[in-house]
Amino acid sequence: MSAVEIYPFGVTRGGDSVTLYRLINSQGAFMDVINYGCRVVRLYVPDRTGKMDDVVLGYEDIKGYEEGEERFFGALLGRYANRIEHGRFVLDSVVYQLVCNEAPGGVLGHLHGGEKGFDRVMWHAEPFGGGDTVGVCFFRLSPDGEEGYPGNLDCRVTYYWTSKNTWRIEYVATTDRPTIVNMSQHSYFNLKGSSGGTVLDNWLTIAADSMTPNKETYVPRGEIVSVQGTPFDFRSSHTFLERIDQPNDHMKIMGGYSANWVLNNQTGELAYAASLYETHSGREIAVWTTEPGLLIYTGKGLSDRIIGKGGRPLQPYDGLILETIHYPDTPNNPHFPSCVLRPGEKYYSITEYRFSTRE
């Protein structure tokens with residue numbers, strides 16, 4: 001039977017008690033999520049032999065999530081996932097300056113919601129169950145002016161865990177002033193399991209004919225270019241290793257794979273985006289989303305300075321993100337799909353990570 005189990009997960013530096021919700025499906029696969037940053041702490045799915053193992057990176061305790069070098073393990077990203085150049089945008093002729101929390105290429109920028117993004121706050125949580133699906137619904141009001149964003153943003157993010165080993169995320173938000181919204185999830189996946197190992201030998205397929213190449217400030221130069229003849233052509237299945245050494249300006253700037261693909265589906269309906277397959281375990285993730293973009297980062301910056309669950313020092317390429325988004329720096333590129341939300345409208349986005357195995 002599916003079930004939700006509830007456990008304490010420590011206390012934050014600010015004195016908030018953190019709760020862990022274990023979502024168990026009828027197959028015995030489960031995911032652990034906490035109400036600090038809506039983080040996914042563990043996700044156990046079977047390999048081709050039926051052996052369960054944890055396929056996401058993370059920390060052992062709340063101290064790691066508050067103070068660890070990799071801030072975004074398993075986190076909800078918001079208000080704006082990924083980057084906004086200079087932390088500045090114009091909306092209805094008004095200039096808004098956001099908190100800047102990085103400086104790629106020596107230029108200040110805003111990343112993943114700023115110094116106190118959605119990953120750094122407590123959320124109200126309501127677990128639920130019934131039938132083949134269990135989950136948690138997280139609620140929060142992001143106040144007007146938080147990190148520089150306009151409008152009171154009423155947010156609801158729901159994680160569903162189904163009997164078919166599908167993790168479904170629904171993002172909903174409304175506002176009382178015109179604003180921008182681009183929420184996503186930042187779990188690092190390693191389909192080999194908790195013992196780790198490189199993700200560069202995983203087989204990747206992406207339903208995308210084009211991508212947005214970056215400039216030195218790690219944001220798009222404004223162009224949408226074909227993947228044909230580039231290291232970003234995964235329209236048929238390839239490993240990262242096959243392509244990572246190909247000469248390419250974007251790859252040189254980003255130091256490897258950290259790129260946004262323009263998905264072929266731009267209708268806003270839920271559609272297939274990509275799949276990732278690991279040959280040794282037989283595990284596979286199929287990504288489905290309503291979002292127009294998919295950002296993949298292969299974890300080059302991970303290192304043994306980061307001590308993960310079980311006390312294991314991490315290594316470069318020990319995990320990758322499959323971040324479904326509106327494109328980076330969309331507010332400063334009006335020809336990109338809009339991320340503007342106005343009063344009376346509803347921001348609604350769905351992403352599904354469907355886990356399975358191959359023989």
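This one's a predicted model, so the numbers in the text were calculated from it and none came from an experiment.
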Side chain to side chain, His238 and Leu204, heavy atoms closer than 4.5 Å: no
Assign the ring pair Phe118 / Trp123 to parallel, tilted or perpendicular, where the plane angle (0 to 90°) is split at 30° and 60°. perpendicular
Go through the steps to decide whether Tyr160 and Phe128 satisfy the test ring-ring contact (aromatic ring centres under 6.0 Å, His included), and finish with yes or no. CA-CA 9 Å; Tyr160 300 85; Phe128 59 87; 5.5 Å; yes
Nearest 0.5 Å, what's the OG1-CD distance between Thr351 and Glu291? 6.0 Å
With Trp261, which residues qualify under ring pair (Phe, Tyr, Trp, His ring centres under 6.0 Å), at least two apart? Phe232
Tell me, with the steps shown, if Gln246 and Thr230 meet side-chain contact (heavy atoms from CB on, under 4.5 Å). CA-CA 8 Å; Gln246 289 186 19; Thr230 75; 5.6 Å; no
Group every Ile, Leu, Val, Met, Phe, Trp and Tyr by side-chain heavy-atom contacts under 4.5 Å, then state whether Leu191 and Leu241 land in the same group. yes
Any chance the side chains of Thr212 and Asn260 put a donor and an acceptor closer than 3.5 Å? yes
Should the pair Arg140-Glu146 be classified as a salt bridge under the 4.0 Å nitrogen-to-oxygen rule? yes
Please check if any side-chain donor atom of Ser184 sits under 3.5 Å from a side-chain acceptor atom of His186, or the reverse. no
Go through it in stages, so that I can follow the logic: the residues are Ile169 and Thr324, the test is side-chain contact (heavy atoms from CB on, under 4.5 Å), and I'd like the CA-CA distance, side-chain angles, deciding distance and then a yes or no. CA-CA 11 Å; Ile169 311 169; Thr324 56; over 6 Å; no
Here the pair of heavy atoms bringing Val157 nearest to Leu76 is CG2-CD2, 4.0 Å
May I ask you to decide whether Arg83 forms a salt bridge with Asp329, counting only side-chain N to carboxylate O separations under 4.0 Å? no
Short N-O contact, Arg177 and Asp92, less than 4.0 angstrom: no
Identify the residue among Arg120, Glu66, Lys63 that makes a side-chain contact (heavy atoms from CB on, under 4.5 Å) with Thr12. Glu66
Over-ring placement of Arg354 relative to Tyr272, 6.0 Å and 45° cut-offs: no
Does any donor atom in the side chain of Asp201 or Thr239 lie under 3.5 Å from an acceptor atom in the other side chain? no
Linking I/L/V/M/F/W/Y whenever their side-chain heavy atoms sit closer than 4.5 Å, directly or via other members, would Tyr96 and Val340 fall into one cluster? yes
Thr19 and Asn35: which non-hydrogen atoms are nearest, and at how many Å? N-OD1, 2.9 Å
Can Thr175 and Arg342 be said to form a side-chain contact (heavy atoms from CB on, under 4.5 Å), step by step? CA-CA 6 Å; Thr175 184; Arg342 298 185 180 279; 5.6 Å; no
Other ILVMFWY residues reachable from Ile62 by side-chain steps of under 4.5 Å: Tyr7, Phe9, Val18, Leu20, Ile34, Tyr36, Val41, Leu57, Tyr59, Tyr65, Phe73, Met122, Tyr188, Leu295, Tyr297, Leu302, Ile306, Leu314, Ile321, Ile325
Return the orientation label for the Phe89 and Tyr149 ring planes: parallel under 30°, perpendicular over 60°, tilted otherwise. tilted
Are the side chain of Arg305 and the backbone N or O of Glu69 linked by a donor-acceptor pair below 3.5 Å? no
